[in-house]
Amino acid sequence: MKTLFDKIWDKHVVDTLPDGTIQLYIDRLYCHEVTSPQAFAGLRERGLKPFRPERVTCIPDHNIPTVNQDRPIADPVSKNQVDTLEKNAADFGLAHYGLLHPKNGIIHVVGPETGLTQPGMTIVCGDSHTSTHGAMGAIAFGIGTSEVEMTLATQCIMQSKPKTMRITIDGRLKPGVTAKDVALYIISRMTTGGATGYFVEYAGDVIRNSTMEERLTICNLSIEMGARGGMIAPDRVTFDYLKDREFAPRGEQWERKVAEWSSLYSDPDAEFDREILFKAEDIEPMITYGTNPGMGMGICESIPAMESIDQAGRISYKKSLDYMGFTAGEPVLGKAIDYVFLGSCTNGRIEDFRAFASLVKGKRKADHVTAWIVPGSWMVEKQIRAEGLDRILEEAGFALRQPGCSACLAMNEDKVPAGKYAVSTSNRNFEGRQGPGARTILAGALVAAAAAVTGCITDPRELI
Amino acid sequence: MKEKINKVTSPCVPLPLENVDTDQIIPARFLKATTKEGFGDNLFRDWRYGEAGNPNPDFVLNRGVYKGEILVAGKNFGSGSSREHAAWAIVGYGFRVVVSSFFADIFKNNAMNNGVLPVVVSPEFLAEIFASAEKNAQATLTVDLPAQTITNNETGRSEHFDINPYKKDCLINGLDDIDYLLTNKSKIEAYELAHR
């Protein structure tokens, strides 16, 4: 009678206040350099230490350069933040994977690939894309810095229980449609706030037939429709992915854990507060045209007309299209673009590089396009080289950079100039997200690759 | 101790845009500080200032007529990034209350953890506040946390708002979750023993 979410949530309730507020136990806390310094400062002010240091992992990823990581970070303010994380980790005895460490990378890429993220866990991080880890059958969600401090101090946070939603995608995806397209399609239907207040479980044929990395991409984007988090019931795909990873249980304990994790699914008669159904056949390669991730459409469609927008939203809609330099009602195919970004916690994994390389193989990057090709972690980078994808990319005119969040939020030097168009595999097309005035078009790795070689928005199916 | 909040009467600053994300509230390039101070200066930075740092005269915070402790914004305020810097920017600028018809979850928690009260009103009530503010920039709102009411003093209309009793108590008394959690440590240890 229980949902997957309820099974894990209920097991982590330490206490319930009379008004229903829950004191929730947290199995794992990930810390990066941007949202943790004030939390550590708060601990010191209160004279506290991390309560369970073995449950905390610190990785700098947001501010770091994607070239010359062996040299000191040029921006002194970024350097200070990265150094502060290293010092806080050292002072309090926390695991820390700094620059050039083989386990450095984007925290949401490293967690799953090292096996730190496991089914049945509660996982938090001061980062909204923590929802990524839910793909492995965990309850994972983003929190603020005050809550990072709470978790450091007590391994608990105070939460009201979210409502539950199940999004089922049945049927078979058409060729050329990726997990990113599935997520952008769902968000375009749900809108940017349509799942606020809910924790989402993804289910259906498409999910069951997807790889672990595709699931990570789908769960990653849950926050973009406002959801507290997204999750997928663990199955053979999950266990095969996790087995023998560095921090995964081993031997007899592995068997015991797999048996336990195998009970993590929504019971057939479990009730959700909301159920949504989509058909895989309706999903096309997607692209965004506006300034929030809900403003997406099939790549061959036209931007919605002003008349289709409700009255209260028209000022925002016009502001958004003005910012993008687009006109309501027009198609976007064939529009010239300036930058391409492959990477981020959404699309910075090996399968994304395989997809991108498969499309650009034997072709050439368009001369006017600047491409930033950024692996999500050193483990991904190593795999790219092991598979020879770096040579395919190089022959096509693409240079591999060093891992980090990079142009997804442009806290480092990887900034798109004002007015320029970037086709980006990242997660947010907000105004200024990739640099002040930058115009972001979100897409999957295949659409990004097609744009990189043609220099304009192109249906990747024409090139496959 | 956070600043306590009880009853606030103030003119409001209207921002009738929807889906105002935390990247607009405080852009990423201003997140590099290691303290909580100074974020108010860069609140709505890229709407408030031009590329050269010149104030944009059309933006509500620069128009000179709208001042006060209450920010009123369109639906889905605070979406996107979990950055608590957004709440620090709002409190740093001097707002104590944010009113909208709908808030993003993480922002709402972050606001309350910094002594800022998010008040959810109906879309109709929100439209009425925007109309009153447009007519009269000095029009005031009264937000009464103990009574859980918000009143548009221009029209005399009131609306009840929801807040969970635990959070309400924290805001009224200037307490935060850590203060509470630290008193509950024995339960945490008992939980760990039981779930080992």
Side-chain angles (χ1 to χ4, degrees), chain A residues 11 14-15 17-21 23 25 34-35 37-38 41-42 46 51 62-63 75 77-78 80-81 84 126-128 142-147 149-150 153-158 160 162 192-193 196-197 223 226 228 292 294 312-313 315-316 319 409-411 418 428 430-433 436-437, chain B residues 16-24 27-29 31-36 45-47 51 74-76 79-88 101-107 109-110 113-114 123 126-127 164-170 176-178 180-182 184-185 187-188 190-192 195:
Chain A
K11 216 179 155 185
V14 173
D15 200 10
L17 302 190
D19 72 352
T21 302
Q23 181 182 342
Y25 192 83
V34 179
T35 57
Q38 294 86 351
R46 293 176 202 252
F51 180 58
H62 280 58
N63 265 297
D75 176 353
V77 201
S78 290
N80 178 51
Q81 226 176 27
T84 300
D127 192 292
S128 58
I143 56 174
T145 299
S146 295
E147 292 167 315
E149 187 181 338
M150 281 171 224
T154 68
Q155 212 57 44
C156 289
I157 53 175
M158 304 301 291
S160 47
T192 186
T196 302
I223 181 69
R228 205 74 182 84
N292 74 57
I315 300 175
S316 306
K319 187 177 188 301
L409 81 171
M411 280 192 78
R428 286 186 176 137
F430 297 149
E431 284 183 34
R433 174 77 177 183
Chain B
L17 292 172
E18 299 185 342
N19 304 316
V20 174
D21 58 77
T22 54
D23 271 83
Q24 308 317 313
R29 62 187 188 281
L31 306 185
K32 298 182 183 185
T34 52
T35 68
K36 296 181 185 178
R45 173 77 197 202
D46 292 340
W47 289 346
E51 269 175 68
K75 77 171 179 201
N76 198 26
S79 57
S81 158
S82 60
R83 60 189 68 167
E84 195 159 320
H85 312 66
W88 300 332
S101 55
F102 191 81
F103 288 95
D105 285 331
I106 305 178
F107 174 79
N109 274 348
N110 287 343
N113 282 329
N114 287 281
L126 185 68
N164 87 37
Y166 165 75
K167 280 290 178 193
K168 178 178 171 180
D169 188 60
C170 285
D176 67 18
D177 290 348
I178 303 179
Y180 172 79
L181 284 166
L182 289 172
N184 218 15
K185 253 191 173 158
K187 280 194 179 154
I188 305 171
Y191 170 89
E192 286 181 328
H195 289 81

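Below, read A as the first sequence line, B as the second, and so on, with proteins coming before strands; counting in each chain starts at 1.
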Can you tell which of [options] has the highest number of heavy-atom pairs within less than 4.5 Å of chain A?
options: Val20(B), Thr35(B), Thr22(B); value: Thr35(B)
options: Glu192(B), His195(B), Arg83(B); value: Glu192(B)
options: Asp176(B), Asp21(B), Asn114(B); value: Asp21(B)
options: Leu17(B), Ile188(B), Asn76(B); value: Ile188(B)

For the [atom1] atom of [X] and the [atom2] atom of [Y], what is their distance to the nearest 0.5 Å?
X: Lys185(B); Y: Phe51(A); atom1: NZ; atom2: CZ; value: 5.5 Å
X: Ile178(B); Y: Met158(A); atom1: CD1; atom2: CE; value: 12.0 Å
X: Glu84(B); Y: Glu149(A); atom1: CD; atom2: CD; value: 9.0 Å
X: Trp47(B); Y: Lys319(A); atom1: CH2; atom2: NZ; value: 4.5 Å
X: Leu181(B); Y: Cys156(A); atom1: CG; atom2: SG; value: 6.0 Å
X: Asn19(B); Y: Asn292(A); atom1: CG; atom2: CG; value: 5.0 Å

Which bit of [X] comes within less than 4.5 Å of chain B, counting heavy atoms only: side chain, backbone, both or neither?
X: Thr196(A); result: both
X: Ser146(A); result: both
X: Lys11(A); result: both
X: Leu409(A); result: both

Looking at [Y], is its backbone amide N or carbonyl O close enough to the side chain of [X] to form a donor-acceptor pair, meaning the two atoms are under 3.5 Å apart?
X: Glu431(A); Y: Gln24(B); value: no
X: Glu18(B); Y: Ser316(A); value: no
X: Asp23(B); Y: Arg433(A); value: no
X: Glu147(A); Y: Ile106(B); value: no

In terms of heavy-atom proximity below 4.5 Å to chain A, should [X] be classed as side chain, backbone, both, or neither?
X: Asn109(B); answer: side chain
X: Lys32(B); answer: both
X: Thr34(B); answer: both
X: Pro165(B); answer: both
X: Ala104(B); answer: backbone
X: Asn184(B); answer: both

Point to revise | Partners passing side chain to side chain contact (heavy atoms under 4.5 Å, CB included) against Lys167(B) (at least two apart in sequence or in another chain) | key: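 Expected list: Met112(B), Asn113(B), Ile163(B), Asn164(B), Asp177(B).
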Practice item. Might you point out which heavy atoms bring Ser128(A) and Ser82(B) nearest each other, and give the distance in Å? Key: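 Closest approach of Ser128(A) to Ser82(B), heavy atoms only: N-OG, 3.2 Å.
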Review point. Yes or no on side-chain hydrogen bond (donor to acceptor under 3.5 Å, both in side chains) for Tyr180(B) and Gln23(A), after CA distance, side-chain angles and deciding distance?
Key: CA-CA 10 Å; Tyr180(B) 172 79; Gln23(A) 181 182 342; 4.7 Å; no
Review point. Heavy atoms, side chains only, cut-off 4.5 Å: are His85(B) and Val34(A) in contact?
Key: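 Yes, at least one pair of side-chain atoms sits under 4.5 Å.
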Review point. Heavy atoms, side chains only, cut-off 4.5 Å: are Pro436(A) and Glu51(B) in contact?
Key: no
Which one wins on heavy-atom pair count under 4.5 Å against chain B: [options]?
options: Gly313(A), Gly437(A), Ala41(A); answer: Gly313(A)
options: Ile315(A), Thr35(A), Asp127(A); answer: Asp127(A)
options: Ala312(A), Gly432(A), Ser160(A), Ala410(A); answer: Ala312(A)
options: Gly144(A), Gly226(A), Pro18(A); answer: Gly144(A)

Point to revise | Crowding at NZ, Lys75(B) (>12 non-hydrogen neighbours, <6.0 Å) | key: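 Incorrect, the count does not exceed 12.
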